[in-house]
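The next block holds one structure in the form of structure tokens; read it before the comments.
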There are 2 protein chains.
Amino acid sequence: MKILSRACNYGIRALIYMVANNGGQENTSIGEISEELDISFHFLTKTFQELNRANLLKSSRGPNGGVALTRPAADISMMEIILVIEGDDFFDTCLLGLPDCGNGAPCPIHEVWKDKKDKMRLEFETTSLADLGVRVSEDKMRITI
Amino acid sequence: MKILSRACNYGIRALIYMVANNGGQENTSIGEISEELDISFHFLTKTFQELNRANLLKSSRGPNGGVALTRPAADISMMEIILVIEGDDFFDTCLLGLPDCGNGAPCPIHEVWKDKKDKMRLEFETTSLADLGVRVSEDKMRITI
DNA sequence: ACAGGATAAGATATAATAGTCTTATATCTT
DNA sequence: AAGATATAAGACTATTATATCTTATCCTGT
Ligand code: SF4
Ligand code: SF4
């Protein structure tokens, strides 16, 4: 059961790292992140570029360059990140993978699935990057692979 | 957000069709199903073979051949179908896609995700093929593409 | 100005998934 | 026994997702 693409997975984990590391407001180099989290550097870079274009973070080149959040981590929800990386239609899909049948001709399990989806969306909307980062810092848990 | 593979999607929809059509205990030809649901015949056949080997259904060749359920539709849960097609580890994965970290070194959103997963599993376990088929027959909804 | 450190961008490679085609085999009807 | 009908199985192709490699561009400190 794969919910998120690899790119999204990496993106979220990378952002959590930044927040846990320096709050996310200061530059962190992609190289450092990719090394710490053991993520392909170039792949991660591409993902960051998307977040960049979506103005979730800003990047700067050269020495002391890197990426940093444009807003406080507490203001950024998991939802935003997911939508940027997976696309705006992320929650429009259905359990059976049929597009656009939510209203017109729903299948038998539509209601059940819709309910689960709504709850998950709410969770994503109300969980901020700061939430995630803080819990990591407290080291209830580490991010490992 | 793709939860189920195409093969699983097809498999479930095909079984629902069988149940809605003749209760699932009588032979239905794969050709008919694939045509009605507009699913690739050969691809569907392959999926059926898996369900076959798992003894969820039996097949017979020749005229009047086809596939039929081995047990009453009410006794077959969505869960069984999913596990056969997607593999037994279907529910072992996590939101971030990291394998085997549920116990050892869980990530920040582990609890939240586990909860959602458990509820979905329960849903799949308690929803039988008969449930799905009946709702289709009542035509609260059609299965369309 | 220059050198080195950093991201940007695009081309290429690999792997996983999905779909198609061909041949074999079993079963029913006549 | 023959022919039609149906699944079984495996080879092949196409598409998408993931990963890597190469080159370009920008920024900073000296
Ligand atoms: S009816 Fe709902 S759950 Fe069913 S296939 Fe359509 S969108 Fe998905
Ligand atoms: S801790 Fe839980 S949710 Fe997080 S990556 Fe591991 S299994 Fe997934």
Side-chain angles (χ1 to χ4, degrees), chain A residues 1-11 13-14 18 26-35 37-70 85-87 89-90 93 96-99 145, chain B residues 1-14 18 26-70 85-87 89-90 93 96-99 145:
Chain A
M1 174 165 40
K2 193 175 70 173
I3 299 278
L4 300 174
S5 70
R6 217 69 171 247
C8 192
N9 177 339
Y10 293 166
R13 285 169 50 214
M18 289 165 58
E26 296 167 34
N27 275 345
T28 310
S29 87
I30 301 180
E32 174 190 337
I33 301 173
S34 74
E35 196 157 322
L37 302 184
D38 197 19
I39 295 172
S40 153
F41 170 79
H42 292 97
F43 196 53
L44 182 55
T45 295
K46 228 177 52 178
T47 300
F48 270 139
Q49 284 169 32
E50 289 187 82
L51 295 169
N52 223 328
R53 280 191 282 270
N55 278 314
L56 276 182
L57 49 79
K58 58 197 167 196
S59 67
S60 39
R61 310 193 212 196
N64 306 317
V67 289
L69 300 175
T70 52
I85 300 178
E86 303 285 16
D89 60 348
F90 182 70
T93 62
L96 291 184
L98 316 177
I145 289 228
Chain B
M1 174 163 43
K2 193 175 72 174
I3 300 278
L4 300 175
S5 70
R6 217 68 171 247
C8 192
N9 177 337
Y10 293 166
I12 292 178
R13 284 169 50 213
M18 288 164 58
E26 297 166 31
N27 275 345
T28 309
S29 88
I30 302 180
E32 173 189 337
I33 300 173
S34 73
E35 196 157 322
E36 285 297 324
L37 301 185
D38 198 19
I39 295 172
S40 152
F41 170 80
H42 292 97
F43 196 53
L44 183 55
T45 295
K46 228 177 50 180
T47 301
F48 270 140
Q49 282 169 33
E50 287 187 84
L51 295 169
N52 222 327
R53 279 190 284 270
N55 278 314
L56 276 183
L57 49 80
K58 59 198 166 194
S59 66
S60 40
R61 311 193 209 195
N64 305 319
V67 289
L69 300 176
T70 52
I85 300 178
E86 303 286 15
D89 60 349
F90 182 70
T93 62
L96 291 184
L98 316 177
I145 289 230

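All chains are named by letter (A, B, ...) in the order of the sequence lines, taking the proteins before the strands, and each is independently numbered beginning at 1. Both backbone and side-chain heavy atoms feed into the values below; hydrogens, waters and symmetry mates do not.
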Whole-Å gap separating [atom2] ([N]) and [atom1] ([X]):
X	N	atom1	atom2	answer
K58(A)	dA6(C)	NZ	P	19 Å
D38(A)	dA19(D)	CG	P	11 Å
E86(B)	dA16(C)	CD	C1'	13 Å
E50(A)	dT7(C)	CD	C1'	15 Å
I85(B)	dA18(C)	CD1	P	12 Å
L44(A)	dT7(C)	CG	P	9 Å
N27(A)	dC26(D)	CG	C1'	14 Å
F48(A)	dA8(C)	CZ	P	10 Å

So do the side chains of L4(A) and F90(A) get within less than 4.5 Å of each other, counting heavy atoms only?
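Yes - at least one pair of side-chain heavy atoms lies under 4.5 Å apart.
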
Taking C-beta and beyond as the side chain, do K58(B) and V67(B) meet within less than 4.5 Å on heavy atoms?
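No; the side chains remain at least 4.5 Å from each other.
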
Of all the choices, [options], which nucleotide is nearest to the side chain of [X] once you look at every atom?
X	options	answer
N64(A)	dG29(D), dG4(C), dT7(D)	dG29(D)
F41(B)	dA9(C), dA19(D), dT7(D)	dT7(D)
K2(B)	dA9(C), dT7(D), dA18(C)	dA18(C)

Would you please confirm or rule out a distance under 4.0 Å between OP1 or OP2 of [N] and any side-chain N or O of [X]?
X	N	result
S59(A)	dA8(C)	yes
Q49(B)	dT7(D)	no
Y10(A)	dT18(D)	no
R53(A)	dT7(C)	no

Paired with dT30(C): which nucleotide, if any, by Watson-Crick or G-U wobble criteria at under 3.5 Å for both distances?
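Here dT30(C) is engaged in a pair, and the nucleotide opposite it is dA1(D).
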
Counter-base of dG29(D), judged by Watson-Crick or G-U geometry with both distances under 3.5 Å
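The base-pairing partner of dG29(D), which may sit in any strand shown, is dC2(C).
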
Assuming nearest nucleotide by heavy-atom distance, tell me which of K46(A) and P63(A) is located more 5' along DNA chain C.
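On the 5' side of the pair lies P63(A).
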
For DNA chain D, whose closest nucleotide is more 5', that of S40(A) or that of N52(B)?
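Nearer the 5' end of the strand: N52(B).
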
Starting from the 5' end of DNA chain D, give me the residue, I30(B) or F43(A), whose nearest nucleotide shows up first.
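The residue whose closest nucleotide sits nearer the 5' end is I30(B).
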
For N27(B) versus A68(B), what's the shortest heavy-atom pair and its separation?
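Of all heavy-atom pairs spanning N27(B) and A68(B), the closest is OD1-CB, 3.7 Å.
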
Closest heavy-atom pair and its distance - N52(B), L57(B)
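Smallest heavy-atom distance, with atoms named: OD1-O, 2.8 Å.
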
Would you kindly check whether a donor in the side chain of R61(A) faces an acceptor in the base of dT7(C), or vice versa, at under 3.5 angstrom?
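For R61(A), whose side chain was compared with the base of dT7(C), there is a donor-acceptor pair (under 3.5 Å).
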
Ignoring hydrogens and geometry beyond distance, is the side chain of H42(B) in donor-acceptor contact with the base of dT7(D) at under 3.5 Å?
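Check fails, no donor-acceptor contact within cut-off.
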
Side chain to side chain contact (heavy atoms under 4.5 Å, CB included) for E50(B) and R53(B)? Distances and angles first, verdict last.
CA-CA 5 Å; E50(B) 287 187 84; R53(B) 279 190 284 270; 4.0 Å; yes

Using modelled atom types only, decide if a donor and an acceptor are shared between the side chain of E86(A) and the backbone of S5(A) within a distance under 3.5 Å.
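Yes, E86(A) side chain to S5(A) backbone: donor-acceptor pair under 3.5 Å.
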
